[in-house]
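First comes the structure, then the notes that go with it.
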Amino acid sequence: MSERNHKPSEMVKTSAGRQYHIDLAPGELAGTILLIVDPKRAERVAGCFDALTLQRASREYQTYTGILDGNPISVFGTGIGQDNTEIFFVEAVQLFANKRPSMIRVGSCGSLQEDVAIGDLVISTGAVRLENTSTYFVDEGYPAVAHHEVVLALITAADQLGVRYHVGLTASASGFFGAQGREVGGFKPRDPGVTERLASWNVLNMEMESSTLFTLGNLSGVRTGAVCTAYSNRATGEFIGDGERIAADEAAERVGLQAVKILADMDAWKEQQQKRYFVPRLPP
């Protein structure tokens, strides 16, 4: 059969039934996945598992699947950017025939507000779409919104662990330099005032993956969310030091791992109560 006659769903699989770029087959990703840009960081998080059942590398992608506190979990090293996120997301969803997975981005960002200090965590409720990867699926006005249960799980986890965190909107750019208004080495951005404008709209932070993740999650019924460590503060000009970064990264990782447990508890409650949505219970 010639290539032009292949259906799109067939083109992303290898002859062994694995997805073309991520080199994974059904059953090799857990139902809850932490997405981490840095492959070394992904490996470190996988070291927290009680048991590791799968490790695979393909191109820039890294996969670790295992068990944590009795719950299946995967950590996936996506590499940087919206395009890498799109490739992983589309191929990963093909591995789940019925129940959709949940995906939580654990990453880094730049703060846009003075009160979001270096090392603080930002839990995203949604993302301003400053990229065009997601526009190949939806119109520009389509909202990029995190799933409410993942947001609640991340807030609960951060509160339980006693870390400093903020909750609100994220701006998601397509690049690090021009797209974020940085002038470096004579390369002048087209929109140098982008961070000031976003800050005036009460956007908390800026990064490069979440809007595609949230958009595709809503399209496909995948619960998505993001928690990011503030490496820089664009309002004050500060940047995180090496010593601070390790501790701040580990705080975000602990929150992500704790949120996995909380989501599992939410799902168990929904099944027991025969509810479609998790309903928080306030004290009497």
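Everything numeric in this text was worked out from a predicted model, so none of it was measured.
Using a 4.5 Å cut-off between side-chain heavy atoms of Ile, Leu, Val, Met, Phe, Trp and Tyr, with links allowed through other members, Val106 and Val75 fall into the same hydrophobic cluster. Hydrophobic clustering of Ile, Leu, Val, Met, Phe, Trp and Tyr side chains at less than 4.5 Å, counting indirect connections, unites Ile22 with Leu216. Both Leu161 and Val150 sit in one connected hydrophobic cluster of ILVMFWY residues. Membership requires side-chain heavy atoms under 4.5 Å apart, directly or through other members. Under a hydrophobic clustering in which Ile, Leu, Val, Met, Phe, Trp and Tyr are joined whenever their side-chain heavy atoms come within less than 4.5 Å, directly or via other members, Leu34 and Ile262 fall into the same cluster. Hydrophobic clustering of Ile, Leu, Val, Met, Phe, Trp and Tyr side chains at less than 4.5 Å, counting indirect connections, unites Trp269 with Val260.
The shortest heavy-atom contact between Asp50 and Gly70 is OD2-N, 4.4 Å. Between Pro101 and Ile33, the shortest heavy-atom contact is CB-CD1, 4.2 Å. Minimum heavy-atom separation, Gly81 to Glu209: N-OE2, 2.7 Å. The two residues Leu198 and Met206 come nearest to each other via the heavy atoms CD1-CE, 3.2 Å. Of all heavy-atom pairs spanning Asn132 and Tyr136, the tightest one is O-CD1, 3.1 Å. Minimum heavy-atom separation, Gly178 to Pro189: O-CB, 3.7 Å.
Considering CG of Leu213 and OG1 of Thr133, their distance stands at 12.5 Å, rounded to 0.5 Å. We find the NZ-CD distance between Lys270 and Glu149 to be 3.5 Å, quoted to the nearest 0.5 Å. Rounded to the nearest 0.5 angstrom, Leu112 CG and Arg197 CZ are separated by 11.5 Å. Taking CG of Leu68 as the start and NZ of Lys261 as the end, the distance is 5.5 Å to the nearest 0.5 Å.
Applying the 6.0 Å contact sphere to CD of Gln273 captures more than 12 heavy atoms from other residues, nucleotides or ligands. Environment of CD1 in Ile80: sparse, with no more than 12 heavy atoms of neighbouring residues, nucleotides or ligands closer than 6.0 Å. Crowding of Asp115 atom CG: a count of heavy atoms from other residues, nucleotides or ligands under 6.0 Å exceeding 12.
With Glu60 contributing its side chain and Gly79 its backbone, the two residues share no donor-acceptor pair below 3.5 Å. A side-chain donor-acceptor contact under 3.5 Å links Asp38 to the backbone of Lys40. Under the 3.5 Å distance criterion, the side-chain polar atoms of Thr229 are matched with a main-chain donor or acceptor of Ala248. A donor-acceptor pair is defined here as one N or O able to donate and one able to accept, closer than 3.5 Å; no such pair exists between the side chain of Thr32 and the backbone of Ile73. No donor-acceptor pair under 3.5 Å is formed between the side chain of Glu207 and the backbone N or O of Ser108. Although no hydrogens or angles enter the test, the distance criterion places no donor-acceptor pair under 3.5 Å between the side chain of Ser74 and the main chain of Leu29. Remark: the backbone N or O of Asn205 is not paired with any side-chain donor or acceptor of Gln113 at under 3.5 angstrom. A donor-acceptor contact shorter than 3.5 Å is absent between the side chain of Arg129 and the backbone of Thr215. Under a 3.5 Å cut-off, the side chain of Arg100 and the backbone N or O of Arg223 do not form any donor-acceptor pair. Formation of a donor-acceptor pair under 3.5 Å by the Asn233 side chain with backbone atoms of Ala117 is not found in this model.
Using modelled atom types, one finds no donor on one side chain facing an acceptor on the other under 3.5 Å when comparing Gln94 with Gln19.
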>> One pair to check against side chain to side chain contact (heavy atoms under 4.5 Å, CB included): Phe76 and Phe88. What are the steps and the verdict?
In response: CA-CA 9 Å; Phe76 192 91; Phe88 162 75; 3.2 Å; yes

>> Evaluate Val93 against Val222 for side chain to side chain contact (heavy atoms under 4.5 Å, CB included), listing each step before the verdict.
In response: CA-CA 8 Å; Val93 167; Val222 171; 4.0 Å; yes

> Can you list the steps and then say if Tyr61 with Leu24 is a side chain to side chain contact (heavy atoms under 4.5 Å, CB included)?
Replying inline: CA-CA 11 Å; Tyr61 296 121; Leu24 294 174; over 6 Å; no

>> As a quick check of understanding, evaluate side-chain hydrogen bond (donor to acceptor under 3.5 Å, both in side chains) for Glu131 and Ser211, giving each step before the final call.
In response: CA-CA 8 Å; Glu131 42 78 26; Ser211 61; 2.7 Å; yes

> Taking it one step at a time, do Met266 and Leu152 satisfy side chain to side chain contact (heavy atoms under 4.5 Å, CB included)?
Replying inline: CA-CA 10 Å; Met266 287 180 175; Leu152 180 58; 3.7 Å; yes

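Side-chain contact between Arg56 and Arg18: present, with at least one pair of heavy atoms (C-beta onward) separated by less than 4.5 Å. Contact check for Val145 versus Phe214: no side-chain heavy atoms found under the 4.5 Å cut-off. By the 4.5 Å heavy-atom criterion applied to side chains, Val37 and Met208 are not counted as neighbours. The shortest side-chain heavy-atom distance between Tyr142 and Thr135 does not fall under the 4.5 Å cut-off.
The side chain to side chain contact (heavy atoms under 4.5 Å, CB included) test with Thr125 is passed by exactly one of Leu204, Thr170, Val167: Val167.
Between Phe49 and Tyr64, the distance from one ring center to the other does not fall under 6.0 angstrom.
Ile240 shares a hydrophobic cluster with Ile118, Tyr231, Phe239; the chain of contacts runs through ILVMFWY side chains whose heavy atoms sit under 4.5 Å apart.
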